Amino acid sequence: MALAPDILLLLTALAVLIVDAISGLRKSSLPGIIGVVGTFLVLLVLVWNEGVTAVWPSYEVTKAGFWWRIAFVIGSLGMQGLSWLSSKGGSVSDGHDLAELGDSFGERQGSFLALNLFSVLGMFILVSSREWLTFFLGLELATLPLISLAAFRARQLNGIEAGMKLVIMAALAMALNVFGLSLLYGAVGSLDFAAANMAAAHPTPLFLLGGFFVLAALLFKVGAIPLHMWAPDVYEGSPYAVTAFLAVVSKAAGLAALAKLFFGSIDGIRISFSGFFILAALGSQFIGNLGALRQEKFTRFVAYSSIAQAGFFLLAFLGDAKQGPGILLFNVFSYGLATMTLFCFARKAMANNGSDLKSLEGLSQRSPVLAFAMAAALISLAGIPPLVGFMGKFLVFQSIAKEGHYWTLAFSLTNTVVSLYYYARWVLVLYRKPESETVSTPTGSFAPREIGAWVLIATLVLLGISPWLLQTLIGLPH
Amino acid sequence: MFPLLDRKGGCEVSLAPTLLQFTWLSPLLAAVVLAFQPSNKESRIRILSALFALFNVVATLSLTCLFFRESHATLPGATQSSLAFVTHTTWLPALHADYFVGVDAISLFLMDLAALIVFAGTLASFRIEKRVKAFFILLQILASGTFGSFMAFDLLLFFFFNELTLVPTFLLIGLFGSGQREAATMKLTLMLMLGSALVLLGIVGMYVQPGAHTFDVLKLSQVSFSPAFQYWAFPAIFLGFALLGNLFPLHIWSPDGHAAAPTAISMFLAGVHMKIGSYGCLRFGQYLLPEGCHAWAIPFALLAVAGALWGAWAALRQTDLKYLNAYSSVSHCALVFLGLCALNAPGMRGAVYQMLSHGFITATVFCVIGFIYDRTHSRELAAMGGLMKAMPFLGVAMILGGFAGIGLPGLSGFAAELPIFFGGLQSESSAVQWATGLALLSIILAAVYMLRGINRVLHGTWKSPVATLTDAIPRERLALATLLLGVFALGLYPSPWSQRLDDALAPILRQLQTTHLETKG
């Protein structure tokens, strides 16, 4: 029973693939429906199975794993919704041929979905692994489908660029990972996490070196420096839904993997790496902020902002192992919610099919609710209460202060101030009047999309002030 | 009405704590109600928001009456009982953060100030034409955050409320301001966020100290933080708040911000919002970290004096009325910090009194400037003259505000600044005494720039025909009367206010003196 969600997810992915193959080149919405229904079922079964734990030699179902899985499945649903929104919204409203842009998946929708679901399955395996090979298998299953997803706009130059960049960086990261794992195996003589855990208490130099390479490889997944540079180009070249998936779910998977190792199996060497964590965290914040500061393109802006956010998440690894996973999860939820909100409305919000800052001008007149939702998401990312983003940052800050990292705290607080500049800049644009005064009737406040916006706004606020999620995640046994 | 006062008869039910919550809840409610109004019904939106603001005036004033009544019966002695209308429930058990609100005299009087200024500001903004709905919604959210900040006795809760004011301020100046509004609002917001970051550093620092692990201000005041910690945490918190409270040289956001902001927001920023800063310095800096306070009082007092003189000198050289008043605010707010750093009863009482007094004065002056601008479309001193003939009511209001700023006895400025200078001169440190002597010069400078401003604007001759200019209409008179009421109430009869403030300051002073004796012993 404990494996039901994983098996169901696998079946859904296979079903999508098979149905897609059977229906051939005819444009059919059947794979999409199977995908959504299947993913919903996975979510239901997951929630149904809450609290169920089980252990096998190389696989385990834990309580912390439960929340990571919830995050991945919700993210996957978000991506499916986004791909549906962008294929629908584009062709109907602005008359542009979105197939040319590559945002409409047309007949390839089935493979698109299947790849997405396989990636999520990889993440499931990742958070459930109990030994290095399963871990590696999960990580790669999570990453490889993303490469083809990123290259989905292959008829476009930047689509090819995105796929190329991602494949090279992913290969580099994979190589680092394998190298690190082999060193760890050499140092311990066993693939089991339990053995690594014992060895980590008194690490040999070889063990530390192995841990270092694994950490470096995972920083690629998280999108932190020094392996961050793929993000802006890949985000720009990929379809919207994939960008959102990369920015949120894939990053979350990287964090889950890091948490799995550095709060779990090799927790002992976390303190030895605190200098490296500080460097990666502060560096990512700095580089991300620098890139986002004057950024005009929406997807590149999100990319840099997500690099900076990754810097904040990495700080959690300086705190203690008891609260750490919960803090990371809280941040994943808050960041994911805000970023998904941005992506949900960005396509609709940008006038004239643009993709830059200027095309967002005057959104508050075109659709006040969407402007409000996007502003709330941006402000939440900036970390201003009462929105949920503040709580996430606050949890991180108090956890590193407990360990006495006051300088790191001061530096990241400074970075928060800097980040407010670019988030506020985008908020101001949403509400600014466009230079060319075009008369347009604002959409009503209760159209379907607007109702979605209200729900997202309410969630951003309620998670920020209500104790529910916080209480559930903090003090979660790992 | 009756349950409010029912303290006898075995029935302990009291509506007062609920009413206190309503001061921050009702503006949010107002924002929601306004959000559902159609945006073309502008006059309905204006009247609704004025009514909500009026409700808060009534609520805070009746709470004040009740407060005066209660305190007569139970003399505040211990720290706990000096808070009134307390509500305390758990909020985030995992972090030991509670929803803990209550008031003492300092909080309550500042809330009165806030309510009156929001009301006057709402009345003063009826002339706003574009995006009326958004303006009043943002103004109400701003008000909500401010009321919450003054009543929160849990640091995390306070931080939430305080930050709630940030985004509305940003948008109000960025969208409704004048001149270089986007640059000004960006500067202001980033500076304020920097202040918040410093405060957060201090708050998180305090929270993780051994023995603390709470955000409860009263409990934290019992924790004895190590001196080494206090030496760095105090300046972080104090400077963070002082940035908001306009201490030299961290004041650089305020003149541009005030000048770019619409009238009501200038009134609110200078009159109330900055006071959250000086309030925070007192309540969360000096109260919780007394040893750090002793260590840093002298440098901060010197900064305050520098600010008092710099602000006054800069005000002398301004040609724009709003800039003139903004720099005069820098000067007057600096006196608040001088009073706080005197570390004795008269100084601190004067400081809080100055917060209240300056709030009313500066709001009056900004309000008059706004009304004059509505009529003449200019704020340049050089373009003004002879307005007294055309608009006697506004002229008198401006003179009263100006004279109160100079410190004319009978008006609030005098009653506030006198104890500050007494306190400064009685300070234990001779450096602070000398600095206070220097700060006295700022009064002379204040007389010069205020009289110069008043003279240029009101006297002489107006360049264009005077007939087109009209005096204040009843709504504007009501706004100004509300503010001047505060100026007179504080100025003519200071003793009841001072007495309550002394009671509220007693625990803070005790905290400061105990540690001082310990360090000496």
Side-chain angles (χ1 to χ4, degrees), chain A residues 323 326 330 364-365 368-369 371-372 375-376 378-379 382-387 390-391 393-404 406 409-410 412-421 423-425 427-433 442 445 464-468 470-476, chain B residues 35-36 39 90-95 97 99 130-131 133-134 137-138 145 148 156-167 170-171 173-176 181-182 185-187 189-201 203-210 213 215 229 232-233 236 240:
Chain A
Q323 283 195 342
F330 191 91
S364 68
Q365 261 120 52
V369 186
F372 187 31
L378 288 165
I379 293 166
I384 293 176
L387 296 157
F390 168 75
M391 249 321 163
K393 284 204 175 131
F394 182 80
L395 288 172
V396 171
F397 289 156
Q398 58 94 24
S399 81
I400 65 172
K402 267 182 198 157
E403 305 295 317
Y406 289 115
L409 176 60
S412 15
L413 279 169
T414 318
N415 270 314
T416 321
V417 178
V418 176
S419 76
L420 181 66
Y421 172 80
Y423 291 122
R425 182 165 164 255
V427 171
L428 202 56
V429 167
L430 294 175
Y431 284 92
R432 187 198 285 155
K433 283 217 169 78
S445 303
I465 56 174
S466 92
W468 171 75
L470 186 87
Q471 287 297 125
T472 321
L473 293 180
I474 303 300
L476 191 74
Chain B
F36 283 99
S39 19
T90 48
W91 172 33
L92 300 170
L95 292 175
Y99 175 79
K130 288 177 197 160
R131 298 191 179 186
K133 189 165 121 178
I137 290 177
L138 289 170
L156 197 62
L157 186 68
F158 167 82
F159 196 81
F160 263 64
F161 279 128
N162 186 23
E163 294 299 289
L164 191 58
T165 61
L166 191 68
V167 180
F170 170 72
L171 287 175
I173 298 178
L175 301 179
F176 299 93
R181 57 177 188 234
E182 291 197 359
T185 196
M186 210 44 119
K187 182 170 166 187
T189 310
L190 289 181
M191 287 294 287
L192 293 190
M193 185 74 177
L194 182 66
S196 301
L198 279 170
V199 170
L200 192 62
L201 181 67
I203 290 180
V204 171
M206 270 198 256
Y207 176 66
V208 300
Q209 291 307 302
H213 277 281
F215 294 102
F229 168 72
W232 72 258

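Since we're looking at a predicted model, the values are computed, not measured. Within every chain, numbering begins at 1; the chains are lettered A, B, ... in the order of the sequence lines, protein sequences first and strands thereafter.
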side-chain contact (heavy atoms from CB on, under 4.5 Å) partners for Ala94(B), two or more places apart: Gln471(A), Ile474(A)
Over all atoms of both residues, closest heavy-atom pair of Val208(B) and Lys402(A): CG1-CG, 3.5 Å
Test side-chain contact (heavy atoms from CB on, under 4.5 Å) applied to Ser196(B) - qualifying residues, sequence neighbours left out: Phe159(B), Glu163(B)
Structural part of Lys133(B) lying under 4.5 Å from a heavy atom of chain A: neither
Toward chain B, the part of Ile465(A) with a non-hydrogen atom under 4.5 Å: both
Partner chain A: residue of Gln209(B), Glu182(B), Met191(B) with the largest heavy-atom pair count (under 4.5 Å): Glu182(B)
For the student: nearest non-hydrogen atoms of Val417(A) and Met193(B), plus distance: CG2-O, 3.8 Å
Between CG on residue Leu171(B) and CD1 on residue Ile379(A), distance to nearest 0.5 Å: 6.5 Å
Atom OH of Tyr207(B): over 12 foreign heavy atoms under 6.0 Å: yes
Distance in Å, Leu92(B) CG paired with Met391(A) CE, rounded so as to fall on 0.5 Å steps: 4.5 Å
4.5 Å side-chain heavy-atom contact, Phe170(B) and Leu428(A): yes
Val204(B) to Phe394(A) - nearest heavy-atom pair and separation: CG2-CE1, 3.7 Å
Residue pair Leu413(A) / Ala197(B): nearest heavy atoms and the distance that separates them: CD1-O, 3.4 Å
Side chain / backbone / both / neither for Leu156(B) at chain A, heavy atoms under 4.5 Å: side chain
Under 4.5 Å from a heavy atom of chain A, the part of Leu201(B) involved: both
Residue, of Ala401(A), Ala375(A), Ala382(A), that accumulates the most heavy atom pairs under 4.5 Å with chain B: Ala401(A)
Interface residue of largest heavy-atom contact number with chain A, from Leu166(B), Leu198(B), Leu200(B), under 4.5 Å: Leu200(B)
Region of Ile384(A) in contact with chain B, defined by heavy-atom distances below 4.5 Å: side chain
